[in-house]
Amino acid sequence: MTTAQQYNVNEKGYYGEFGGAFIPEMLYPNVEELKNNYLSIINDPAFKAEFDALLKDYVGRPTPLFLAERLSEKYNTTIYLKREDLCHTGAHKVNNTIGQALLAKRLGKRRIVAETGAGQHGVATATVCALMGLECIVYMGEIDIERQAPNVARMKMLGAEVRAAKSGSKTLKDATNDAMRHWINNPVDTHYIIGSVVGPHPYPDMVARFQSVISEEIKWQLQEKTGKTNPDYVIACVGGGSNAAGAFYHFLDDAQTQLVAAEAGGHGISSGFSAATTFLGKPGVLHGSRSILMQTEDGQVVEPHSISAGLDYPGIGPMHAHLFDTKRAKFFAITDEVALKAGFQLSKLEGIIPALESAHALAALEELGAKSNETVVINLSGRGDKDLATYMKHL
Ligand SMILES: *Cc1c(COP(=O)(O)O)cnc(C)c1O
């Protein structure tokens, strides 16, 4: 017997066997408050109007769907780029931080706490807090603060307080712990903004809904340009998976569109320096939800590696674990080297310098085998200005 697969979250917060909320008891009240209110707030017409207006006038949406003619010629197929790189602040992340900040205000919160690794999510959070007059505290590992000085400066200029996480390896994991602790100690007036489709339910679903504007736009834009709403392929890179969730969202139930996820292969899947979660990982609990993660035999999280900070994560969100498990999405592992090459290629062919994360999605074209009569949409999650130093090292 066949039953229709469900790719969206169910009432219990699960995507198939993945998802849920695995959190310390101290966090129950905060997460419950969010879970009980997020849908009614997001679906309220007044909320929607305010969110849409900011996406339009502040972020610059709709972002263009661009026919990349020279790239199409190179791969002998038809390729459109969804230009999230043109969003205010240079990537898709701001779609989510605007949504969550508006939601936090509806819940009566006046302070925002967030964690950041490379600083991209911290900057997107500091940006919307400035816009909305919310207090902003960003936790960041002490080592990351040294490595990512320009983003620390941006956050400070935007009025955020950057607090150093000084325990453990002094990186993202430790910043996450500190942010959690802050939220536990300030449950009434603080909202915690998670930057991807990870974390306990309802975060993955909430973030996916805020990012789903990407595929909503792709559908009508493609209709306008080609007369059909569905491409043959949608490709996106996956760190935690928020830009991919947004690009896939309105195609999840359209079997004629193949979903393609590009993970960071690092130095190669079996090199010991990789972030290719679906190739190397096993089911387990990470950051509050059950998903697939890279772990040792006894369940210790394995340190990931990617040339791109945004993909340098040992897991993927539960929605993507389910898309992998059900084979609804096809996963590729793209090495640092191949991603760099794709980044240089797009720059020279189309005059667009992509973020290194997005370059992984572009590189999937090499293995995709799209035919000449097919249409491919690639989600260009961000711009490459932040990655220029890395690109130059490999020129
Ligand atoms: C953060 C980031 C990513 C990875 O995050 P997802 O949640 O997987 O989308 C990808 N691209 C860019 C440009 C980013 O800044």
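Side chains are part of it too, since the values below use all heavy atoms of this structure and drop only hydrogens, waters and symmetry mates. Note that ligands are numbered from 1 as they come in the structure, with each ligand's atoms numbered from 1 the same way. Worth saying up front: this structure is predicted, and the values here are computed from it rather than measured. Residues: numbered from 1 along the sequence shown.
Looking from atom 4 (C) of ligand 1 to the surrounding protein, the closest heavy atom is Gly310 O, 3.4 Å. Counting protein heavy atoms only, atom 6 (P) of ligand 1 is closest to Ser242 N, 3.3 Å. Taking atom 11 (N) of ligand 1 as the reference point, the nearest protein heavy-atom neighbour is Ser381 OG, 2.7 Å.
Note: Phe248 and Tyr7 fail the aromatic proximity criterion, with ring centroids not under 6.0 Å apart. Aromatic rings of Phe22 and His201 (six-membered ring for Trp) have centroids beyond the 6.0 Å cut-off, not under it.
Residue contacts with ligand 1: Gly195 is placed with no nitrogen or oxygen under 3.5 Å of a nitrogen or oxygen of the ligand (distance criterion only). Where the criterion is an N or O separation shorter than 3.5 Å, residue side chain and backbone included, Lys93 meets it with respect to ligand 1. Between Gly241 and ligand 1, at least one pair of N/O atoms sits closer than 3.5 Å. Checked against a 3.5 angstrom limit, the closest N/O atoms of Gly382 and ligand 1 fall outside it.
Between the side chain of Arg209 and the main chain of Ile42, no donor-acceptor pair closer than 3.5 Å is present. Judged by distance alone, the side chain of Asn37 and the main-chain N or O of Glu33 form a donor-acceptor pair under 3.5 Å. With Thr190 contributing its side chain and Trp183 its backbone, the two residues share no donor-acceptor pair below 3.5 Å.
Every atom of ligand 1 with a heavy atom of Gly239 under 4.0 Å away is listed here by number and element: 8 (O). Of all atoms in ligand 1, listed by their number and element, those nearer than 4.0 Å to a heavy atom of Ala355 are 13 (C). The contact set between ligand 1 and Cys237, taken as ligand atoms under 4.0 Å from a residue heavy atom, comprises 10 (C). For ligand 1, the atoms sitting less than 4.0 Å from at least one non-hydrogen atom of Ser196 are 6 (P), 7 (O), numbered in the order shown with element in parentheses.
The only option from Asn379, Asp385, Ile353, Leu380 that meets the side chain to side chain contact (heavy atoms under 4.5 Å, CB included) definition with Asp85 turns out to be Leu380.
Aromatic ring pairs are classed by plane angle as parallel below 30°, tilted from 30° to 60° and perpendicular above 60°; the pair Tyr58 and His88 is perpendicular.
You'll find the side chain of Gln211 stays beyond 4.5 Å of the side chain of Asn243, heavy atoms only.
The 12-atom threshold is exceeded at CD1 of Ile41, counting heavy atoms of other residues, nucleotides or ligands nearer than 6.0 Å.
Taking all heavy atoms of Gln120, Glu84, Glu357 into account, the minimum distance to atom 10 (C) of ligand 1 is reached by Glu357.
Residue-ligand proximity: His92 is placed with a non-hydrogen atom under 4.0 Å from ligand 1.
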